[in-house]
K.L.:
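Would you mind keeping the following structure in view while I ask a few things?
For ligands, and for the atoms within them, numbers begin at 1 and follow the listed sequence.
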Amino acid sequence: MTNVSKGLKSKLNEISVISNTNFLQKCIAEDGTIKYLLGFPDGERVETVLMRFDNRPNLTACVSTQAGCPIKCIFCATGKLGLKRDLLSAEMVDQVMMIQRDTNIKVSNIVFMGQGEPFLNYDNLAGAIKVFNRSLDIGARKITVSTSGVIPGILKFADDFPQATLAISLHAATHETRKKLVPIENKYPIDDLVEALKKYYDKTNRRITIEYVLIKDINDDLNEAKMLNLLLKNLHCNINLIPYNPINSNSKFSEPSENQIKMFKYILELSGKKVTVRLKRGDDISAACGQLSGEYNK
Ligand code: SAH
Ligand code: SF4
């Protein structure tokens with residue numbers, strides 16, 4: 001544009017980004033979940049998932065924060081990719097804009113539960129949350145960030161976004177079990193993590209969501225549930241059980257039987273905490289938790 005002053009041009013350069021994100025593919029699951037594959041100019045790709053629930057009017061976007069992920073949890077398709085790179089704030093915002101443009105419906109809730117470890121890309125995550133708050137009118141209370149347990153990020157998040165919701169991918173009750181599943185356990189051990197969560201609660205007064213992927217014969221023993229009750233005894237939290245979603249056809253893991261999930265849940269409920277089992281969304285298009293690999297769907 002030639003009809004823009006030099007001053008305005010340099011201001012725009014400073015404060016704005018022209019989106020370079022490409023819409024590569026879209027898959028729609030039987031339950032209405034939509035998975036988008038987006039591409040960036042350097043060739044990296046990420047997936048974003050839009051979830052609708054029959055009994056709720058909200059549209060929830062599941063946003064990715066990194067291309068790939070360096071944490072390498074052994075049950076997760078994203079972890080198999082390793083870290084490709086951090087996403088920019090604009091690339092996180094673009095994921096939501098793309099959904100709104102495609103569906104013509106306003107996204108009301110955001111869960112940072114796509115690809116990547118949000119707290120290893122903290123500043124860009126924070127930048128995106130601020131844009132969601134200020135420009136897309138999505139309040140912090142409508143935003144959830146899920147982390148594998150990066151303690152410095154958790155403490156900073158408590159200070160910066162005390163109104164948002166924090167979800168923790170715990171997946172085990174002991175150091176021994178957790179270090180086999182979530183390698184970052186070696187850096188931030190489970191006892192330190194729970195202490196950090198107590199500090200988080202003291203600062204924010206916000207109940208934490210504990211996520212627990214249930215994998216048959218790995219972490220679904222009822223003793224593990226009893227130990228989890230002890231570990232979380234003095235923590236204000238809800239527990240969300242996620243039955244394992246297969247990430248490839250020869251996966252060595254499987255989900256526990258319905259009965260085992262019920263019993264595991266029953267024991268956790270003895271603690272008085274609210275325990276839910278996460279609904280599977282979009283597993284027929286590999287859009288369910290842990291299935292995001294950035295591949296094209298046939
Ligand atoms: N990277 C962040 C957020 C994204 S994953 C994190 O790990 O917290 C959202 C949830 O799905 C996490 O709790 C994650 O551990 C879980 N998940 C990963 N792979 C899974 C799989 N194969 N089946 C079920 N849940 C899985
Ligand atoms: Fe990364 Fe989360 Fe997958 Fe673990 S579960 S590898 S932290 S995306």
Side-chain angles (χ1 to χ4, degrees), residues 33 35 46-49 51 60-87 92 95 110-122 125 128 143-151 153-154 157 164-172 177-188 190 193 197 208-216 218-220 237-256 261 264 276-284 286-294:
T33 300
K35 182 168 82 168
V46 294
E47 290 172 324
T48 305
V49 178
M51 295 170 287
T60 299
C62 177
V63 172
S64 294
T65 54
Q66 295 179 312
C69 181
I71 305 292
K72 302 195 169 116
C73 302
I74 60 170
F75 45 78
C76 171
T78 308
K80 301 273 173 258
L81 304 170
L83 177 67
K84 306 288 184 185
R85 72 165 168 85
D86 287 339
L87 297 192
M92 297 179 210
Q95 296 173 48
I110 304 230
V111 292
F112 284 95
M113 292 190 186
Q115 291 166 283
E117 167 47 60
F119 288 160
L120 291 184
N121 187 14
Y122 190 94
L125 168 78
I143 296 179
T144 300
V145 175
S146 174
T147 176
S148 57
V150 178
I151 292 177
I154 292 169
F157 193 62
T165 302
L166 178 69
I168 299 290
S169 293
L170 200 63
H171 310 326
T177 311
R178 192 167 194 262
K179 73 179 184 197
K180 288 184 212 146
L181 300 174
V182 186
I184 202 170
E185 171 67 18
N186 291 311
K187 186 159 185 196
Y188 301 116
I190 196 161
L193 179 57
L197 296 181
I208 297 157
T209 299
I210 299 290
E211 298 164 286
Y212 194 105
V213 176
L214 269 175
I215 311 175
K216 185 173 187 251
I218 303 282
N219 63 355
D220 66 336
C237 61
N238 303 319
I239 302 173
N240 190 215
L241 298 173
I242 316 174
Y244 170 75
N245 295 307
I247 57 173
N248 54 40
S249 49
N250 53 2
S251 176
K252 55 182 177 184
F253 300 126
S254 57
E255 73 176 287
I261 296 173
F264 200 90
T276 46
V277 178
R278 189 173 293 185
L279 290 173
K280 266 191 204 310
R281 307 300 297 180
D283 54 335
D284 52 330
S286 291
C289 298
Q291 294 182 322
L292 302 181
S293 64

K.L.:
Is it true that K179 and E185 have a side-chain N and a carboxylate O under 4.0 angstrom from each other?
P.N.:
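Not counted as a salt bridge, because no side-chain N and carboxylate O are separated by less than 4.0 Å.
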K.L.:
Provide the closest heavy-atom pair for A167 versus E211 in the form atom of the first, atom of the second, distance.
P.N.:
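Of all heavy-atom pairs spanning A167 and E211, the closest is CB-OE1, 3.5 Å.
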K.L.:
Among L166, T144, T165, find the one that has a side chain to side chain contact (heavy atoms under 4.5 Å, CB included) with T209.
P.N.:
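Only one option passes, and that is T165.
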K.L.:
Looking only at N/O atoms, are Y244 and ligand 1 under 3.5 Å apart anywhere?
P.N.:
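It does not: no N or O of Y244 is found under 3.5 Å from an N or O of ligand 1.
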K.L.:
Nearest heavy atom to atom 4 (C) of ligand 1 wins, so pick from M113, E255, Q66.
P.N.:
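Residue with the shortest heavy-atom distance to the ligand atom: M113.
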K.L.:
Taking atom 10 (C) of ligand 1 as the point of reference, which of Q291, E211, H171 owns the nearest heavy atom?
P.N.:
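The residue whose heavy atom sits nearest atom 10 (C) of ligand 1 is E211.
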K.L.:
Strictly under 2.8 Å of atom 3 (Fe) of ligand 2: which protein N/O/S atoms qualify?
P.N.:
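Short answer, with waters excluded from the count: C76 SG.
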K.L.:
So for ligand 1, is P243 a polar contact partner (N or O within less than 3.5 Å, distance only)?
P.N.:
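By distance alone, the answer is no.
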K.L.:
Check whether any heavy atom of C73 sits under 4.0 Å from an atom of ligand 1.
P.N.:
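Contact absent.
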K.L.:
Taking NZ, NE, NH1 and NH2 as the nitrogens, is one of them in K280 or E255 under 4.0 Å from a carboxylate oxygen of the other?
P.N.:
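Result for this pair is yes, salt bridge flagged.
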K.L.:
With the threshold set at under 4.0 angstrom, would you say Q115 reaches ligand 1 through any of its heavy atoms?
P.N.:
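The answer is no: ligand 1 sits nowhere under 4.0 Å from a heavy atom of Q115.
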K.L.:
With C76, which residues qualify under side chain to side chain contact (heavy atoms under 4.5 Å, CB included), at least two apart?
P.N.:
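Partners of C76 under the side chain to side chain contact (heavy atoms under 4.5 Å, CB included) test: C73, T78.
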K.L.:
Under the rule for side chain to side chain contact (heavy atoms under 4.5 Å, CB included), what residues qualify as partners of S254, not counting sequence neighbours?
P.N.:
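Partners of S254 by the side chain to side chain contact (heavy atoms under 4.5 Å, CB included) criterion, ordered by chain and then number, come out as K216.
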K.L.:
Have a look at ligand 1 and work out which part of I247, if any, has a heavy atom under 4.0 Å from it: side chain, backbone, both or neither.
P.N.:
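For I247, the contact with ligand 1 is made by the side chain alone.
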K.L.:
State which residues pass ring pair (Phe, Tyr, Trp, His ring centres under 6.0 Å) with F157; sequence neighbours excluded, sorted by chain then number.
P.N.:
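Residues passing ring pair (Phe, Tyr, Trp, His ring centres under 6.0 Å) with F157: F119, F161.
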K.L.:
Quick check: closest heavy atoms across H171 and F75, and the distance to 0.1 Å?
P.N.:
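Heavy atoms only, the tightest pair is CD2-CZ, 3.4 Å.
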K.L.:
Nearest heavy atom to atom 7 (O) of ligand 1: which of P246, S64, S169 does it belong to?
P.N.:
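Result: the heavy atom closest to atom 7 (O) of ligand 1 is in S169.
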